[in-house]
Amino acid sequence: MRQIFFLVLLLTAVLNVKAQNAVVDESSTDVECFSPTQAIIHFREVTTILNEHGAGLAVFVCSCSKNNKLTGFKGQATDATGRVIRKFKESELKQTEYSQYLAIDDYKMYLDYTPPVYPVTITYEWTMESHDDLIEFPRFCPQTSYDVSVKKAVYRLTAPKGFAIRHALLNIDEKVKTSDDGKTFILELDNLPALKKEPYARPLQERLPMAYFAPTDFIYYGTKGSLSSWDDYGKWEYSLINGSETLPEDIRKEIHQMTDGLNTDREKVEVLYHYLEKTTRYVAVLLGIGGQKPAPAAQVCKSGFGDCKGLSNYLRAMLKEVGIPSNYTTISTTNRQLLKDFASVGQMNHVILQVPLHGDTLWLECTNPQLPMGYVHQDIAGHDAIEVSERGGRLVKLPVYADSTNLMKSILHINLTPGGAADMTIAQQYSNFQYENSIPMLKMDEKERQELLQRMIHTPQPAFSKIDIREDNAKMLLDASIRSNNYATLTGQRLFVPVCPIHRGYAIPQTSETRQENIWLKAGYLDDDEITITIPEGYAVEARPKNVQIEQPFGSFSSSIKIDGNTIRVHNRLLSRSGRFDKALFPQLSDFFRSVSNAYNQKIVLKKE
């Protein structure tokens, strides 16, 4: 009977492998809050891992700090028959010794375990004690990756009577229940299906069932505040930065020497922004009131480094010195939208500076002043943010560049020889997001640049005689000269000439009748190519591709070819539009990419006269 039971379980697991990698059999979080400053949280996770693709779920990790400590841990691994193959003890846990941060109060306790067999069931139970940092309670997120289903998940939160608790639910249809005495909040989820990774779908973070719980009023590392609204959140954040903008006297004099002779506030902002670039560097520091309070401006000035909070506050202090107001602004680089009716600290992970000039608003990324002043990079463009001022917090949205301004303009000249060789020059200009994506080219050495161009220019064994990459006024400019001995294919009396040596390798997404998600195109762009091909004497065009014109909701494409004597002019224009589109259009999206790829891969046939 035991053998039959084992075979049934194994067969079930094998069948499920095709559909998913793991099943969360049980996920429970029990929070017992005794006061605004003290709580104990007990976790229990039981996960059946079906194959090696889910092996990462066997690793135990928990975040700790001096105010949030692990006080109990145990675990075990069992095979498909229920036999215990490994027990885990608290003494086996390791503490992280490496951090990307210069100074940090937090650390992680972890157990790195690789299952020897599949399926395997991993059970972990652990307890955390928290004091003085209850600005929010643990987030409820029983699903953490693709191809993982959940059988049962429960979240229980017990708090003193009269202690106001707020909650927000994402991708959850169930409601939070309250006990008869009003002290306990319960959320139960059953039979959550596995989420499938799909091309051009929303990020996983936006698809996961998730619940946030937080007190309305809190005491956090000795500071008091309220999260009843984003306005109240902003008042608390402002209390952390207020008074931290005092600068040393010598720096104040230097600032005035640099700016007093300038005519406009924008000129002054630009000078101080570049002064920040030259005199500081970014180093993450998570100290001081749970990592929420920035280092004082004078300290950042003296040390020459700071994190996003410290550098933004330092520039805020310098601008204040010359009479230019600015706003400390909290934002998330991962969450594009903040919950409008649920204020919480955990939704943001970054700080920038907003400067409201007359007729314009600048958004300054102080951790990377190498970016052009006011450039809104892809990790924050279009994201919600909280503008913090003495008046409180205000929900704002950062601008996003129009799709057509994310431009790559390419001008190519190709001179063919009768044997199929070609001398090529290419000049490219990258703007906005395409400029941002090209920034790494500036730091590449010659070999790395050649390797990059070999992937960009699709021609056999290219030889580069010139590669010049430079930045100019928030644009990246590339100029290159290339020789290819086999650009065109010579067959008898004919030369088969590629129409376009760039934009190859388009992946064609496969359609699916069971697609779950609507189409989501994060960033639109425009690729505009002007290609001039000079054909050798004694050859004439025998065949050429037809002109192409495609218009779809998510993009447009055109390709035209004109022949003038021994000169062929090709103009390609691809506009990809950002946004959300109905999943029913996915077959059209696939066809669109296929048509674009085919057009880029066309050839002109030349015949010897």
Side-chain angles (χ1 to χ4, degrees), residues 5-30 41-63 73-88 92-94 108-126 138-155 170-174 187-199 201-211 334 512 514-517:
F5 177 69
F6 172 76
L7 290 174
V8 170
L9 285 177
L10 187 60
L11 178 60
T12 302
V14 169
L15 293 175
N16 282 337
V17 163
K18 298 179 180 179
Q20 60 192 58
N21 299 326
V23 178
V24 177
D25 301 295
E26 178 187 346
S27 173
S28 65
T29 303
D30 288 279
I41 306 103
H42 183 75
F43 301 90
R44 176 177 167 84
E45 296 284 337
V46 182
T47 305
T48 298
I49 302 172
L50 303 174
N51 54 51
E52 64 276 8
H53 299 295
L57 297 173
V59 177
F60 172 80
V61 181
C62 76
S63 297
F73 169 84
K74 65 179 180 179
Q76 68 177 25
T78 57
D79 65 16
T81 68
R83 179 177 63 90
V84 176
I85 56 177
R86 175 75 185 274
K87 286 195 172 185
F88 309 113
E92 296 180 70
L93 297 179
K94 297 179 181 179
K108 294 185 185 298
M109 301 297 294
Y110 70 95
L111 176 70
D112 192 358
Y113 176 67
T114 302
V117 296
Y118 298 99
V120 62
T121 299
I122 306 293
T123 302
Y124 288 129
E125 291 188 62
W126 68 103
R139 186 181 59 178
F140 182 50
C141 187
Q143 272 178 314
T144 56
S145 58
Y146 294 110
D147 300 318
V148 177
S149 62
V150 177
K151 285 186 178 179
K152 189 172 187 61
V154 182
Y155 189 99
L170 295 177
N171 304 314
I172 294 176
D173 295 328
E174 299 294 331
L187 177 61
E188 297 186 15
L189 302 179
D190 297 307
N191 301 318
L192 298 176
L195 297 173
K196 296 299 176 183
K197 190 171 185 178
E198 297 177 321
R202 287 181 299 165
L204 177 64
Q205 176 80 7
E206 296 184 16
R207 300 176 61 188
L208 294 173
M210 198 175 303
T334 55
S512 171
T514 59
R515 184 175 176 88
Q516 298 174 343
E517 281 286 301

CZ of Phe60 to NZ of Lys94: how many Å apart, nearest 0.5 Å?
14.5 Å
For Arg207 and Ala201 the tightest heavy-atom approach is NH1-CB, 4.4 Å
Could you please spell out the steps behind the side-chain contact (heavy atoms from CB on, under 4.5 Å) verdict for Ile85 and Val117?
CA-CA 10 Å; Ile85 56 177; Val117 296; 4.2 Å; yes
Closest non-hydrogen atoms of Leu192 and Pro209, given as atom of the first, atom of the second and distance, are CD1-CG, 4.1 Å
When rounded to the nearest 0.5 angstrom, what is the spacing between OH in Tyr110 and OG in Ser63?
13.5 Å
Of the non-hydrogen atoms in Arg515 and Pro199, which two are nearest, and what is the gap between them?
NH2-O, 2.8 Å
Please say whether more than 12 non-hydrogen atoms of neighbouring residues, nucleotides or ligands are located less than 6.0 Å from NZ in Lys152.
yes
Supply the atom-to-atom distance Lys197 NZ to Leu204 CG, rounded to the nearest 0.5 angstrom.
9.0 Å
Met210 side chain near Gln205 side chain, heavy-atom distance below 4.5 Å:
yes
For Ile49 against Ile122, the heavy-atom pair lying closest together:
CD1-CG1, 3.9 Å
Between Cys141 and Leu208, which heavy-atom pair has the shortest distance, and what is it?
SG-CD1, 3.9 Å
Between the side chain of Tyr118 and the main-chain N/O of Ala55, is any donor-acceptor distance below 3.5 Å?
no
For a 4.5 angstrom cut-off between non-hydrogen side-chain atoms, does Phe43 reach Pro138?
yes
Does Glu26 have any side-chain hydrogen bond (donor to acceptor under 3.5 Å, both in side chains) partners at least two apart in sequence or in another chain, and if so, which?
Arg44
Measure the spacing between OG of Ser28 and CD of Glu125 and express it to the nearest 0.5 Å.
7.5 Å
Give a yes or no answer on whether the side chain of Gln143 reaches the backbone of Val148 with a donor-acceptor pair at less than 3.5 Å.
yes
Asp112 side, atom CG; Leu93 side, atom CG - distance, nearest 0.5 Å
11.5 Å
When you look at CG of Asp173, are more than 12 heavy atoms from neighbouring residues, nucleotides or ligands closer to it than 6.0 Å?
no
Leu57 versus Val24: any side-chain heavy-atom pair under 4.5 Å?
no
Closest heavy-atom contact between Gln20 and Ala194?
OE1-CB, 4.0 Å
Pro142 vs Tyr155 side-chain heavy atoms within contact, under 4.5 Å
no
Are Thr78 and Val84 side-chain neighbours, meaning at least one heavy-atom pair lies under 4.5 Å?
yes
Counting only N and O atoms by type, is there a donor-acceptor contact under 3.5 Å from the side chain of Asn171 to the main-chain atoms of Glu206?
yes
Value rounded to 0.5 Å, distance of CG in Leu111 from CH2 in Trp126
12.0 Å
With under 30° as parallel and over 60° as perpendicular, where do the rings of Tyr124 and Phe88 fit, or are they tilted in between?
tilted
Treating Glu198 as the side-chain partner and Glu517 as the backbone partner, does any N or O pair qualify as donor plus acceptor under 3.5 Å?
yes
Non-hydrogen side-chain atoms of Glu188 and Glu174 separated by less than 4.5 Å:
no
